[in-house]
S.K.: 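This is the structure I want to talk about, given as structure tokens.
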Amino acid sequence: MTDTITLTRPDDWHLHLRDGAMLDAVTPDTAADFGRALIMPNLVPPVVTGADAAAYRDRIMAAIPAGADFTPMMTLYLTEGTDPDDLVAAAKSGLITAVKLYPAGATTNSASGVRDIDKVMPVLEAMAEADVPLCVHGEVTDPEIDIFDREAVFIDRVLDPLRTRLPQLRVVMEHVTTSDGVEYVKGGGDSIAATLTTHHLFINRNHILAGGIRPHYYCLPVAKRESHRRALLTAAMSGDASFFLGTDSAPHLDQAKLAPCGCAGIYTAPNTLACLAQIFEAEGALDRLNGFVAVHGAAFYGVPVNGGTVTLRRETDAQPVPEARATPEGALTVFDPMVPIHWTVVG
Ligand code: NCD
Ligand code: ZN
């Protein structure tokens, strides 16, 4: 049995680092294991302009521990007021890597998102022309649509029509949670890819709701039934370069999660690699892990793979779930995959 595995230093293509004290508390966890991460722009207020992204990037750089080999890749938050010239200039200068589309009201801090896709067509056309990828939170917000169906309906109502209108726009369907999403991306050619999170490879909706309500498993898009989880796992382990890791590690203080109306988001940065090694090994696909965490995403975004490596070791004893992080404002619970994890990052 393999006792150690050395990976190319991986990338996290979907990460929330927040700001202020939370930024300081969580950045070291990602910087320890990852070479780069695509930083989500859903701050309050959001990161909308090139100047916002430059200032946020400086704040992130200040939170990276000395000596860590970590580069934040920035995104802009698409609004109906986004200036295409500012966006394209930010992309051309290398300041931003992608732009994020949140349907207004779809998830945490999405109130400034897009209500009417027609209003952002000129921006999307400029992005297609300049080859700036669009990262999509793929859920409709129509209250008539059941929350478990919102991803599949988004594909039919928004994503597919958009890609028909603008075939040259490159799109990443973020945190895909359904077999519908997997099938759409598989059949979609080179202009579409998908990120998969760590937690959606482990949990289904029973983890949230069966035997008691567990707010720490609540995230958006919400975890679906087991057959969908299996489809995500199959995609992650298939070796298909259209699928790559975006953890969607999304820290919220425990007091915000454990509330009558708790926040969506799961904090997976500290144990993501250990969890992934465990589940890829259990499925007999450890040889596919490097592609998923370090190669496919870099290829889609047109950057070389990272120079360094990260090594994990398989311990005889199951390893404890990392301790909750202490922040000045309260505790931050780390994702518990609810299965024994024997792998640990050793260097
Ligand atoms: C994210 C957050 O907290 O910012 N929450 C989540 O449940 N994933 C937003 C998002 O990516 O939807
Ligand atoms: Zn997210």
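Whatever order the structure lists them in is the order used to number ligands and atoms, beginning at 1.
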S.K.: How far is atom 1 (C) of ligand 1 from its nearest protein heavy atom, and which residue and atom is that?
M.R.: H16 NE2, 3.6 Å

S.K.: Between the side chains of T311 and T6, does any donor sit under 3.5 Å from an acceptor?
M.R.: yes

S.K.: Are D142 and R157 ion-paired here, with the side-chain N under 4.0 Å from a carboxylate O?
M.R.: yes

S.K.: Is it true that some N/O/S atom of H14, main chain or side chain, lies under 2.8 Å from the Zn ion (ligand 2)?
M.R.: yes

S.K.: Can you pull out the closest protein heavy atom to atom 7 (O) of ligand 1? Residue, atom name and distance to 0.1 Å, please.
M.R.: L220 N, 2.8 Å

S.K.: How about H200 and H175: are their ring centres within less than 6.0 Å of each other?
M.R.: no

S.K.: Using a strict cut-off of less than 4.0 Å between a Lys/Arg side-chain nitrogen and an Asp/Glu carboxylate oxygen, indicate whether R313 and D3 qualify as a salt bridge.
M.R.: no

S.K.: Just to confirm my numbers, could you give the angle made at the Zn ion (ligand 2) by NE2 of H16 and OD1 of D248, rounded to 10°?
M.R.: 90°

S.K.: Which bit of E174 gets closer than 4.0 Å to ligand 1, counting heavy atoms only: side chain, backbone, both or neither?
M.R.: neither

S.K.: Below 4.0 angstrom from a heavy atom of G265, which ligand 1 atoms are there? Numbered from 1 as shown, please.
M.R.: 5 (N), 6 (C), 7 (O)

S.K.: Give the atom numbers and elements of ligand 1 that come within less than 4.0 Å of a heavy atom of H137.
M.R.: 12 (O)

S.K.: Which bit of N42 gets closer than 4.0 Å to ligand 1, counting heavy atoms only: side chain, backbone, both or neither?
M.R.: side chain

S.K.: Does NZ or CZ of R205 come closer than 6.0 Å to the centre of the six-membered ring of F148, within 45° of the ring's axis?
M.R.: yes

S.K.: What is the closest protein heavy atom to atom 9 (C) of ligand 1, and at what distance does it sit?
M.R.: T107 OG1, 3.3 Å

S.K.: In terms of side-chain geometry, is the basic nitrogen of K186 or D240 positioned less than 4.0 Å from the acidic oxygen of its partner?
M.R.: no

S.K.: What is the nearest protein non-hydrogen atom to atom 8 (N) of ligand 1, stated with its residue, atom name and distance?
M.R.: D248 OD2, 2.6 Å

S.K.: Nearest to atom 5 (N) of ligand 1, what protein heavy atom do you find, and at what distance?
M.R.: A264 O, 3.1 Å

S.K.: If the threshold is 4.0 Å, N to carboxylate O, is there a salt bridge linking D336 and R214?
M.R.: no

S.K.: For the hydrophobic clusters of this structure (ILVMFWY residues joined by side-chain heavy atoms under 4.5 Å, transitively), does one cluster hold both L17 and Y102?
M.R.: no

S.K.: I'd like to know if M40 contacts ligand 1, where contact means a heavy-atom distance under 4.0 Å to any ligand atom.
M.R.: no

S.K.: Are V305 and V310 linked, directly or through intermediate hydrophobic residues, by side-chain heavy-atom contacts shorter than 4.5 Å (ILVMFWY only)?
M.R.: no

S.K.: Backbone, side chain, both or neither: what part of C219 comes under 4.0 angstrom of ligand 1, heavy atoms only?
M.R.: both

S.K.: Where the closest heavy atom to atom 3 (O) of ligand 1 is concerned, which of H199, H200, R18 has it?
M.R.: R18

S.K.: Any salt bridge between R288 and E283, counting N to O under 4.0 Å?
M.R.: no

S.K.: Below 3.5 Å, N or O to N or O, backbone or side chain included: is there any such pair between Y102 and ligand 1?
M.R.: no

